[in-house]
Amino acid sequence: MLPEFVWDAGVLEGNPFTFPEVKTLLDGVTVGGRKLTDQAQIVNLAESAKRLLALVKAGEFKLSKSVFTELNGIVARNEALEWGLFRGEGQETNYTPNVGLGEAGLFTPIATASGAPVLNQVFDAGVEQLDACPPFERALAFFLFGALQQFFFDGNKRTSRFMMNGVLMSSGIDAISVPAGKAQAFNEKMVRFYQGRDGTEMLQFLISCHPDADQL
């Protein structure tokens with residue numbers, strides 16, 4: 001499932017690699033005519049998926065900051081302003097990136113600050129609340145939590161989806177991959193989530209993407 005999972009994730013990011021090209025690249029063969037940045041993003045997604053699977057298999061996956069930042073360090077490597085740490089914990093302590101919502105304008109997250117004190121407080125409080133939820137709910141809600149709070153300069157949705165799947169797989173539940181054909185619906189629903197901060201629609205959408213959606 002790795003090529004399909006990586007391709008789906010790439011499409012959500014607007015990556016132009018086709019499914020056959022993703023399979024070719026993951027087989028160790030370069031694809032001509034594609035930008036190196038697009039190729040690097042696909043490679044990062046594949047390596048992140050492999051690392052997540054290794055953590056789950058070893059029983060080392062946790063809904064923790066250390067795992068979250070480790071996965072972002074792979075997902076956003078050489079793509080973000082800084083990667084593998086919360087906004088404000090590195091050299092950049094002033095820039096706060098907005099999330100573009102198209103015609104709906106911009107979503108501005110918690111401001112970047114030196115040491116990321118507020119982001120760390122929000123993360124700890126959020127994880128503590130989520131620990132009380134059943135695994136399936138905890139997993140999906142963490143994705144929305146990470147996407148909303150924008151803990152990193154880039155790769156927030158990607159990293160948060162990996163964390164979501166880490167929770168699911170660690171609990172013996174199949175992972176969720178948003179199909180490439182549902183990318184537009186995903187983006188439209190995420191815009192509404194950023195606007196109203198009501199996760200109901202997105203939670204229902206994510207459930208519909210699960211292999212056992214009919215039972216759920």
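Scope of the values below: all heavy atoms of this structure, side chains included, with no hydrogens, waters or symmetry mates. We count residues from 1, following the sequence as given.
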- Message: Tell me if the centroids of the rings in Phe162 and Phe5 come within less than 6.0 Å of each other.
- Response: yes
>> For Gly100, is there any backbone N or O sitting under 3.5 Å from a side-chain donor or acceptor partner on Asn98?
In response: no
CE (Met163) and CG (Asn72) are apart, to the nearest 0.5 Å, by 10.5 Å
Taking the side chain from Thr69 and the backbone from Ser66, do they hold a donor-acceptor pair closer than 3.5 Å? yes
For Tyr194 and Leu106, indicate whether the former's side chain and the latter's backbone hold a donor-acceptor pair under 3.5 Å.
no
Does a sphere of radius 6.0 Å around NZ in Lys182 hold more than 12 heavy atoms from other residues, nucleotides or ligands, not counting ones at 6.0 Å or beyond?
yes
The test is side-chain contact (heavy atoms from CB on, under 4.5 Å); show your working for Leu130 and Glu137 and say whether it passes.
CA-CA 8 Å; Leu130 290 173; Glu137 181 181 349; over 6 Å; no
Could you check whether Lys65 makes a cation-pi contact with Phe86, meaning its NZ or CZ is under 6.0 Å from the centre of the six-membered ring and within 45° of the ring axis? yes
Nearest heavy-atom approach of Ala46 to Leu26 is CB-CD2, 3.4 Å
Interatomic distance, CD@Glu70 vs CG@Leu52, rounded to 0.5 Å, equals 10.0 Å
Within a strict 4.5 Å, meaning less than it, do heavy atoms of the Lys157 and Phe143 side chains meet? yes
Regarding Gln41 and Glu79, do their side chains bring together a donor and an acceptor under 3.5 Å, going by distance alone? yes
Hydrophobic cluster membership, Ile176 vs Leu53, 4.5 Å side-chain cutoff:
no
*Does the Gln150 side chain pair with the main chain of Phe153, one donor and one acceptor, at a distance under 3.5 Å?*
no
With hydrophobic residues grouped by side-chain heavy-atom distances under 4.5 Å, do Val99 and Phe186 end up in a single group?
yes
CZ of Arg138 to CD of Gln129, rounded to nearest 0.5 Å, is 13.0 Å
Distance col, row Asp38:CG vs Glu21:CD, nearest 0.5 angstrom, shows 10.0 Å
Side-chain contact test, heavy atoms from C-beta onward, threshold under 4.5 Å: evaluate it for Arg158 versus Leu71 and give yes or no. no
Those residues at least two apart in sequence (or on a different chain) that pass side-chain hydrogen bond (donor to acceptor under 3.5 Å, both in side chains) with Ser114 are none
Interatomic distance, CG@Leu85 vs CZ@Phe151, rounded to 0.5 Å, equals 14.0 Å
Discussion item. Measuring only between side-chain heavy atoms, which start at C-beta, is Val178 closer than 4.5 Å to Asp8?
Written reply: no
Between Arg87 and the options Thr112, Asn94, Asp154, the side-chain hydrogen bond (donor to acceptor under 3.5 Å, both in side chains) test singles out Thr112
Minimal heavy-atom distance between Ala183 and Val11, with the atoms involved, is CB-CG1, 3.9 Å
Residues Leu148 and Phe107: closest non-hydrogen pair is O-CE2, 3.2 Å
Just list the side-chain donor-acceptor pairs under 3.5 Å for residues 202-216, sequence neighbours left out, or say none.
| unit_1 | atom_1 | unit_2 | atom_2 | d |
| --- | --- | --- | --- | --- |
| Ser208 | OG | Phe205 | O | 2.5 |
| His210 | ND1 | Asp212 | N | 3.0 |
| His210 | NE2 | Asp174 | O | 2.9 |

Judged by modelled atom types alone, do Asn120 and Glu89 share a side-chain donor-acceptor pair under 3.5 Å? yes
Item to complete: Just do the salt bridge (Lys or Arg N to Asp or Glu O under 4.0 Å) check on Glu47 and Arg77 with the steps written out, would you?
Response: CA-CA 11 Å; Glu47 290 186 3; Arg77 182 177 52 203; 2.7 Å; yes
Can we call the ring centroids of Phe142 and Phe68 under 6.0 Å apart? yes
Show, in sequence, the C-alpha distance, side-chain angles and deciding distance for Phe123 and Gln149, and conclude whether the side-chain contact (heavy atoms from CB on, under 4.5 Å) test is met. CA-CA 9 Å; Phe123 181 83; Gln149 301 300 343; over 6 Å; no
Next on the checklist: Taking Phe17's backbone N and O only, do any of them form a donor-acceptor pair with Asn15's side chain (distance below 3.5 Å, no angle check)?
Outcome noted: yes
Verdict with supporting geometry, Gln39 and Arg34, side-chain contact (heavy atoms from CB on, under 4.5 Å): CA-CA 7 Å; Gln39 175 177 297; Arg34 292 300 188 190; 5.5 Å; no
Requested in this report: May I ask whether Phe152 and Leu81 are part of the same hydrophobic cluster, defined by side-chain heavy atoms of I, L, V, M, F, W, Y residues being less than 4.5 angstrom apart, directly or through others?
Outcome: no
Heavy atoms of Asn187 and Leu12 approach each other most closely as OD1-O, 4.3 Å
Looking only at heavy atoms, the pair that brings Ala175 and Leu168 closest together is CA-CD1, 4.3 Å
Should Val67 and Val122 be regarded as members of a common hydrophobic cluster, given that ILVMFWY residues are connected when their side-chain heavy atoms come within less than 4.5 Å of each other, either directly or indirectly? yes
**Message:** Looking at Asn78 and Ala40, would you say the former's side chain and the latter's main chain have a donor-acceptor pair under 3.5 Å?
**Reply:** no
OG (Ser177) and CG (Asn165) are apart, to the nearest 0.5 Å, by 7.5 Å
Exercise. Do Val167 and Phe136 come close enough that some side-chain heavy atom pair is under 4.5 Å?
Worked result: no
Backbone N/O of Phe193 and side chain of Glu201: donor-acceptor pair under 3.5 Å:
no
Review point. Do Val75 and Val56 share a hydrophobic cluster, counting only Ile, Leu, Val, Met, Phe, Trp and Tyr and linking them when any side-chain heavy atoms are less than 4.5 Å apart?
Key: yes
